[in-house]
Amino acid sequence: MRLKNKTALITGGNSGIGLATAKAFIAEGARVAITGRNRATLDAALKELGSQNGESRAIAVQADATDIAATERAVAEVAKAFGRIDILFANAGIPGATPIGGTTLEAFEAVLKTNVTGVFFTVQAAAPHLNDGASVILNGSVMSQMGAPGSSAYAASKAAVRGMARVMASELAARNIRVNTVSPGATRTPIWDKSAPTADAKVQLEKRLAGMIPLGRLGEAEEIARTVVFLASDDASNITSAEIFVDGGTNGSPVGGPMLRG
Ligand code: NDP
């Protein structure tokens, strides 16, 4: 067990990559606190996490990452329950189309508020409670690199995540706290539900996305989770300020995707 007796806080732990990571952390021996806005999915996630090994090694705290006071309260509640925090996975994030010519200020700022401001203030709130030697992982995205049409706010937000991670890594190095970014490519989670609301639309979307991925398929949330476990563990003891892409080659080898290689 690589995370035995460690404590972890995962924002957006009630769905997709966050929930898969919560499961992986518990399987490696950690106690996990998850946050999210939706009480019903938090409760459902807690049930799933508790039934993993009979006893519950998880708590759920409802908190909106864009509400700084609520984030500070949530972190304080986790610190009260766990004592010090060893692992922080700032994972909560939202997509959002922001094409030139069709974007309101509100839509643009909503993405930045969750994906950038929310992440910064989550780390700031957690910092006093982190153990020396803790591991902080931020969730980035290949979209920071892709130049995909209509993605200005989202791409900017994930480029900002990478930039912030580097600054945070330098600020927290004196406490031996490592800060890294995991950057997924297209990964099968509920994040795609809005853009592909039916089963048929999902098949079409996955086909289109897979055509741009050298390994020819979407990633699974568990594949991101395994990388986050690695970054959280002592196996990554000399890795800080890094960005690890878990994207089937999307970022590094875009011309290798089935659509372009023919
Ligand atoms: P999901 O939609 O499944 O999960 C998103 C999570 O974030 C949910 O738990 C949601 O909980 C939480 N969340 C969103 N907004 C807030 C908020 N304001 N406050 C608190 N929690 C919030 O998507 P994924 O698991 O796919 O996404 C997780 C991260 O991975 C995101 O940062 C995303 O940008 C990133 N990512 C995903 C990729 C993919 O293809 N799936 C690719 C690249 C990056 P709730 O609704 O209860 O608030």
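Values reported hereafter were calculated over all heavy atoms of this structure, with side chains retained and with hydrogens, waters and symmetry mates removed. Counting from 1, the numbers follow the sequence of the chain as shown. All ligand and atom numbering here is 1-based and tracks the order in the structure.
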Quick one: closest heavy-atom pair of Ser152 and Thr98, and the distance? N-OG1, 3.4 Å

Is it true that the side chains of Arg162 and Ser144 contain a donor and an acceptor less than 3.5 Å apart? yes

Atom 8 (C) of ligand 1 - nearest protein heavy atom and its distance: Asn14 OD1, 3.6 Å

Tell me the protein heavy atom at minimum distance from atom 5 (C) of ligand 1, and give that distance in Å. Gly93 O, 3.8 Å

Numbering the atoms of ligand 1 from 1, which are under 4.0 Å from a heavy atom of Ala65? 17 (C), 18 (N), 19 (N), 20 (C)

Which atoms of ligand 1 are found less than 4.0 Å from any heavy atom of Asn139? 29 (C), 30 (O), 35 (C)

Going by heavy atoms, is Lys158 under 4.0 Å from ligand 1? yes

Where is the nearest protein heavy atom to atom 44 (C) of ligand 1: which residue, which atom, and how far? Gly140 O, 3.2 Å

Do any N or O atoms from the side chain of Arg84 and from the backbone of Ala79 form a donor-acceptor pair under 3.5 angstrom? no

For atom 4 (O) of ligand 1, tell me which residue out of Gly12, Ser15, Gly13 has the closest non-hydrogen atom. Ser15

Between Asp64, Leu19, Ile191, which one has a non-hydrogen atom sitting closest to atom 2 (O) of ligand 1? Ile191

Going from CZ on Arg31 to CG on Asn5, what distance comes out if it is rounded to the nearest 0.5 angstrom? 8.0 Å

Look at the side chain of Asp86 and the backbone N and O of Leu130, then say whether any donor-acceptor pair between them is shorter than 3.5 Å. no

Under 4.0 Å between a side-chain nitrogen and a carboxylate oxygen: does that hold for Glu48 and Lys23? yes

With a 4.0 Å heavy-atom cut-off (strictly under), which part of Asn91 contacts ligand 1: side chain, backbone, both or neither? both

Taking NZ, NE, NH1 and NH2 as the nitrogens, is one of them in Glu206 or Arg188 under 4.0 Å from a carboxylate oxygen of the other? yes

Ligand 1 contact on Ser183 by region, counting heavy-atom pairs under 4.0 Å: neither

Just which atoms of ligand 1 are under 4.0 Å from any heavy atom in Ile94? 14 (C), 15 (N)

When distances are taken from atom 24 (P) of ligand 1, the protein heavy atom at minimum range is Thr189 OG1, 3.4 Å

Which atoms of ligand 1 have any heavy atom of Pro184 under 4.0 Å away? 42 (C), 43 (C), 44 (C)

Within the 4.0 Å heavy-atom shell around Ala63, which atoms of ligand 1 are there? 19 (N), 20 (C)

Output yes when a side-chain donor or acceptor of Asn38 lies under 3.5 Å from a complementary backbone atom of Thr41, and no otherwise. yes

Select the closest option to atom 41 (N) of ligand 1 among Asp193, Thr187, Ile10, judged by heavy-atom distance. Thr187

Answer yes or no for Ala186: is there a heavy-atom contact with ligand 1 below 4.0 Å? yes

Could you check whether Arg39 pairs with Asp43 (Lys NZ or Arg NE/NH1/NH2 to Asp/Glu carboxylate O, under 4.0 Å)? yes

Honestly, for Asn38 the part within reach of ligand 1 (heavy atoms, under 4.0 Å) is both

What distance do Thr181 atom OG1 and Arg166 atom CZ have between them, rounded to the nearest 0.5 Å? 8.0 Å

So which bit of Arg188 gets within less than 4.0 Å of ligand 1, heavy atoms only: side chain, backbone, both or neither? neither

Are Asp132 and Arg175 close enough for a salt bridge, meaning some N to O gap below 4.0 Å? yes

Atom 21 (N) of ligand 1 has as its nearest protein heavy atom Ala92 CB, 3.6 Å

Is the closest N or O pair between Ser141 and ligand 1 shorter than 3.5 Å? no

So does Asp235 pair up with Arg2, basic N to acidic O under 4.0 Å? yes

Any heavy-atom pair between the side chains of Leu49 and Ile34 that's under 4.5 Å? yes

Could you pull out, from Arg37, Gln62, Glu220, the option with a heavy atom nearest to atom 17 (C) of ligand 1? Arg37

Atoms of ligand 1 close to Tyr154 [distance to a heavy atom under 4.0 angstrom, numbered from 1]: 33 (C), 34 (O), 35 (C), 36 (N), 43 (C), 44 (C)

Heavy-atom nearest neighbour in the protein, as seen from atom 38 (C) of ligand 1, with distance rounded to 0.1 Å: Gly185 O, 4.1 Å

Provide the number and element of each atom of ligand 1 under 4.0 Å from a heavy atom of Pro190. 3 (O)

Polar contact flag, side-chain donor to acceptor under 3.5 angstrom, Thr198-Asp200: no

Under 4.0 Å from one or more heavy atoms of Trp192, ligand 1 contributes atoms 39 (C), 40 (O), 41 (N)

Residue portion contacting ligand 1 (non-hydrogen atoms closer than 4.0 Å) for Ile17: both

Are any of the side-chain heavy atoms of Val182 and Phe245 separated by less than 4.5 Å? no

